[in-house]
Amino acid sequence: MREVRVRFAPSPTGPLHIGGVRTALYNYLFAKKHKGKFLLRIEDTDQTRFVPGAEDYIIESLKWIGIHFDEGVHIGGPFAPYRQSDRREIYHQYALQLLKNGTAYYAFDTPEELDRLRKDSETRKETFQYGPQTRLGLKNSLTMSETDVKAMLESGEHYVIRVKIPENETIVVQDLIRGEVSVDSNLLDDKVLFKSDGLPTYHLANVVDDYLMKISHVIRGEEWLPSAPLHVLLYRYLGWETEMPEFAHLPLLLKPEGNGKLSKRDGDRLGFPVFPLQWTDPKTGDISSGYRETGYLPEAFINMLALLGWNPGTEQEIFRMDQLIEAFSIERVGKSGSKFDPEKAKWFNHHYIKMLSVDHLALLLNKILTEKGIEVDMEFVKKVCSVTSERAVLIPDLWEHSSFFFQAPKVYDEKVVQKFWKPETPALLEKIGLLLREISDFSSENIDAVIKSFIFENSLGMGQVMNTLRLVLVGGSFGPGVASILSVLGKQESLQRIHKAANQFMQL
RNA sequence: GGUCCGUUCGUCUAACGGUUAGGACGCCAGGUUUUCAUCCUGGUAAUAGGGGUUCGAUUCCCCUACGGACUACCA
């Protein structure tokens, strides 16, 4: 078997969305699984759609999720350059080769002329096709004399080079996911291979580059399936049939609600990110949210994405990247499109946050604290994390569920006050305060024992006492266990909060 | 419209001719609990429809329906 070499080949027309990220991920997993190479090629042959910043965005996104390239625009490699606009001289010679062997031809029809032909067909409820049926009635080197063609070319007239699709042939594409896909050549059209601006179209460029870069497997989105027969034809015409890569067309990612391909606009409309990283549109300034900024861990993100369209055949659902590499196989990629489920994405993240070590969690929380201008001892941050981590679904929840540890409550939740505050409450609090003061080892176990025996001895309600304590410590009815809160807060701060509340309410 | 691809619980999916059609998310109920979560237990819910082939179809074939992609000098 030849060396596995696969590529991720996005065009820099904007941010990569999760469908594209998944394509990159599957390519990466496949490459690593087979000890092969993974490379990043930028397909920017359409300069009209170029978006500044998109290329860097793509690179940063893949770096964030832990995908490393062996070769690519950003790191070079033995087949450089890896940006198609830097390879423009290469493509022309192959177009000329096709011209020479009669599998391509010059065409001089203007865009306006073609537009009119399409519109005319449309009114007759037909589809205009520049192909075997029509090419002999159009302005090209098939219908014009050699001298006329020469004259046109020399006069600097705009031209394109189109592929000459054969008639009455069945073209077969072998697909690793779908099996055999065959198409009648009469239904294909004479696609433009080389544009009048001197750059190739995707069809020519991807075939030439995949061949030159010795790509062994083309793993890409299903939207390319209809043009795969053309690519097969091109390999044949170029004489590279024996070195043609194998194809695998991945099913699409669909919107969570209704149907249709997940698109860049869907995300914030439906309340979840579609992009790995936040993106600011350079033209409009519009901001689209990203998984990273929303508080997802990259490990959770790729785990979720990997299982969207692929499964290991076992009931295992949690995979680290190295486990994904080990378990991945293209045969276990499904054929049908997958609807993206934001709830499941959250579940994965929640799971991964729970798996994180206290040290790691503390680092994440400390970053948020620093942003808020709060500076505290790391040991304290760790303690906080150890009692709050399991209730955090997204990273920002680490703060949302623990802020009262760093800032004493300024106001008390009115509803909770009404429910639990009684005239005798201040006295009760002072009593508990006295008991707490006596505890030498301020551990949550000791605190718990002391409070419980106090409740028992005085025949008080557990809920009444605990909820009141909770109220004065955190300002509402949320957070971890009361004993844990007291222990983490420490004796001094706990007593202060209890006194403050007792005094404040005494005056009411 | 044409071509191609697809179709198992609401969602992601397993079952490569023989299973009480399995798991996960969600949802519901119960348990644990001082709140909210976590956690544990249980429940809910699917083979699009119709024909074949076969002793036997989720699984193989055909038709229909539905969905999607493609149909540019875009990728």
Side-chain angles (χ1 to χ4, degrees), chain A residues 9-13 43-46 48-49 107 109-111 114-115 118 121-122 125-130 158-162 173 175 177-178 181-184 187-189 191-197 199-203 205-206 220-229 249 251-252 254 256-261 304 307-317 331 334-348 350 354 388-393 397 401 416 420 448 451-452 455 461-471 474 476-483:
Chain A
S11 75
T13 54
E43 311 228 328
D44 58 345
T45 52
D46 183 3
T48 64
R49 295 210 306 158
D109 319 85
T110 65
L114 294 173
D115 226 38
R118 283 198 191 92
S121 297
E122 211 174 302
K125 286 189 129 181
E126 286 164 21
T127 312
F128 171 73
Q129 189 192 22
Y130 204 122
H158 278 250
Y159 69 89
V160 298
I161 297 172
R162 308 187 88 109
V173 180
D175 188 278
I177 294 169
R178 283 149 221 288
V181 176
S182 51
V183 185
D184 178 356
L187 275 353
L188 261 32
D189 46 7
K191 283 268 184 282
V192 170
L193 299 179
F194 200 81
K195 298 181 285 178
S196 58
D197 65 2
L199 282 166
T201 59
Y202 170 82
H203 304 296
N206 101 86
R220 78 239 287 196
E222 193 184 3
E223 67 267 29
W224 294 111
L225 194 52
S227 55
H249 289 92
L252 267 14
L254 276 16
E257 46 123 52
N259 295 296
K261 183 162 87 159
M304 178 271 298
L307 256 30
L308 211 54
W310 169 85
N311 77 84
T314 66
E315 286 181 354
Q316 184 179 353
E317 290 206 275
E331 290 76 26
K335 297 186 205 321
S336 50
S338 315
K339 280 187 191 170
F340 176 72
D341 181 3
E343 287 305 317
K344 190 109 188 204
K346 281 188 194 157
W347 177 80
F348 272 109
H350 188 21
K354 282 188 292 185
T388 55
S389 69
E390 62 187 22
R391 51 221 330 129
V393 174
D397 295 339
H401 294 150
V416 185
F420 294 107
D448 199 49
I451 295 177
K452 278 184 178 156
I455 290 170
M462 181 82 99
Q464 177 66 34
V465 175
M466 289 300 197
N467 283 309
T468 308
L469 267 176
R470 174 185 297 284
L471 173 69
V474 312
S477 75
F478 53 91
V482 171

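Source: prediction; values computed, not measured. No hydrogens, no waters, no symmetry mates; every other heavy atom, side chains included, goes into these values. Below, chains carry the letters A, B, ... as their sequence lines are ordered, and counting in each starts from 1.
For a distance-only test at 3.5 Å, the side chain of A/Arg470 qualifies as a donor-acceptor partner of the base of B/U35. With hydrogens and angles left out, the side chain of A/Arg178 and the base of B/C5 share no donor-acceptor pair within 3.5 Å. For B/G2, the base has no donor-acceptor partner in the side chain of A/Thr127 [N/O atoms by modelled type, under 3.5 angstrom].
Checking each of A/His249, A/Lys335, A/Glu331 against A/Ile177 for a side-chain contact (heavy atoms from CB on, under 4.5 Å) leaves exactly one that passes, namely A/Lys335.
The side chain of A/Val183 approaches B/C4 more closely than any other nucleotide in the set B/C4, B/U13, B/C74. Distance from the side chain of A/Asp46 is smallest for B/A75 among the nucleotides B/A75, B/U7, B/U35. Set against B/U34, B/A72, B/C74, the side chain of A/Val482 has B/U34 as its closest nucleotide. Distance from the side chain of A/Trp347 is smallest for B/G26 among the nucleotides B/U35, B/U11, B/G26. Nearest nucleotide to the A/Ser196 side chain, out of B/U3, B/C25, B/C73: B/C73. Among B/U3, B/A75, B/U13, the nucleotide with an atom closest to any side-chain atom of A/Thr201 is B/A75. Picking from B/C4, B/C12, B/U71 the nucleotide with the shortest atom distance to the side chain of A/Lys191 gives B/U71. Comparing B/A69, B/C74, B/C73 against the side chain of A/Pro111 picks out B/C73 as the nearest. The side chain of A/Glu222 approaches B/C5 more closely than any other nucleotide in the set B/C73, B/U11, B/C5. Taking every side-chain heavy atom of A/Glu343 into account, B/G26 is the closest of B/U38, B/U13, B/G26.
Across all strands shown, A/Thr45 has heavy atoms under 4.0 Å from sugar-phosphate atoms exclusively, and none from any base. Among the heavy atoms of the strands lying under 4.0 Å from A/Asp109 is at least one base atom, whether or not backbone atoms are also near. Note on A/Gly481: a base of the nucleic acid sits closer than 4.0 angstrom, heavy atoms only.
Taking a pair to require two hydrogen-bonding distances under 3.5 Å in either a Watson-Crick or a G-U wobble arrangement, B/A72 remains unpaired. Of all nucleotides present, only B/C27 satisfies the Watson-Crick or G-U wobble test against B/G43, with each distance under 3.5 Å. Remark: B/U8 base-pairs with no nucleotide in the shown strands. Criterion, Watson-Crick or G-U wobble with two distances under 3.5 Å. Pairing of B/A48, defined by two Watson-Crick or G-U wobble distances under 3.5 Å, is identified with B/U64. Under the Watson-Crick and G-U wobble criteria, each requiring two contacts below 3.5 Å, nucleotide B/U19 is left unpaired. The nucleotide B/A14 finds no pairing partner, because no Watson-Crick or G-U wobble arrangement with both distances shorter than 3.5 Å includes it. Across the strands present, B/U58 finds no partner; the criterion is a Watson-Crick or G-U wobble pair with both atom distances under 3.5 angstrom.
B/U54 and B/C62 have their C1' atoms separated by 16 Å, with the value rounded to a whole Å. Of the P atoms belonging to B/G26 and B/C63, the separation is 41 Å, rounded to the nearest Å. Across the C1' atoms, B/A14 and B/U59 are found 13 Å apart, a figure rounded to whole Å. Comparing the same atom, P, in B/C16 and in B/C28 gives a spacing of 34 Å after rounding to whole Å. When the P atom is compared between B/U44 and B/U33, the two are found 27 Å apart, to the nearest whole Å. As rounded to the nearest Å, B/C70 and B/U19 have C1' atoms that lie 40 Å from one another. B/G49 and B/A57 are spaced 15 Å apart, taking the P atom of each and rounding to whole Å. B/G22 and B/A46 have their C1' atoms separated by 12 Å, with the value rounded to a whole Å.
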Produce the list of close N/O pairs, under 3.5 Å, pairing protein atoms with atoms of nucleotides 18-23 of chain B; give distances to one decimal.
{"residue": "B/G22", "atom": "O2'", "partner": "A/Glu315", "partner atom": "OE2", "Å": "3.4"}
{"residue": "B/G23", "atom": "O4'", "partner": "A/Glu315", "partner atom": "OE2", "Å": "3.1"}

Show the distances under 3.5 angstrom between N or O atoms of the protein and N or O atoms of nucleotides 39-41 of chain B.
{"residue": "B/C39", "atom": "OP1", "partner": "A/Lys354", "partner atom": "NZ", "Å": "2.7"}

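Checked against side-chain contact (heavy atoms from CB on, under 4.5 Å), A/Val160 has the following partners two or more places apart in sequence or in another chain: A/Ala107, A/Arg162, A/Val192, A/Ser196. Residues passing the side-chain contact (heavy atoms from CB on, under 4.5 Å) test with A/Thr127: none are found, sequence neighbours excluded. Shown here are the side-chain contact (heavy atoms from CB on, under 4.5 Å) partners of A/Glu390, two or more places apart in sequence or in another chain: A/Lys354. For the ring-ring contact (aromatic ring centres under 6.0 Å, His included) test, no residue two or more places apart in sequence or in another chain qualifies with A/Tyr130.
Rounded to whole angstrom, the span from the CD atom of A/Glu390 across to the C1' atom of B/U33 amounts to 12 Å. When the P atom of B/G26 is taken as reference, atom NZ of A/Lys346 falls 10 Å away, rounded to whole Å. In this structure, A/Phe348 places its CZ atom 13 Å from P of B/C12, rounding to the nearest Å. B/C74 atom P lies 14 Å from atom CG of A/Asn206, rounded to whole Å. For A/Lys339 and B/G68, the NZ to P distance is 10 Å, given to the nearest whole Å. In this structure, the CE atom of A/Met462 is 10 Å from the P atom of B/U35, given to the nearest Å. Per the geometry, CG belonging to A/Leu225 stands 11 Å off C1' belonging to B/U3, to the nearest Å. A/Glu223 places its CD atom 17 Å from the C1' atom of B/U3, with the value rounded to the nearest Å.
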Inset, instruction - Run the numbers on A/Leu308 and A/Lys344 for side chain to side chain contact (heavy atoms under 4.5 Å, CB included), then give the verdict. - result: CA-CA 10 Å; A/Leu308 211 54; A/Lys344 190 109 188 204; over 6 Å; no
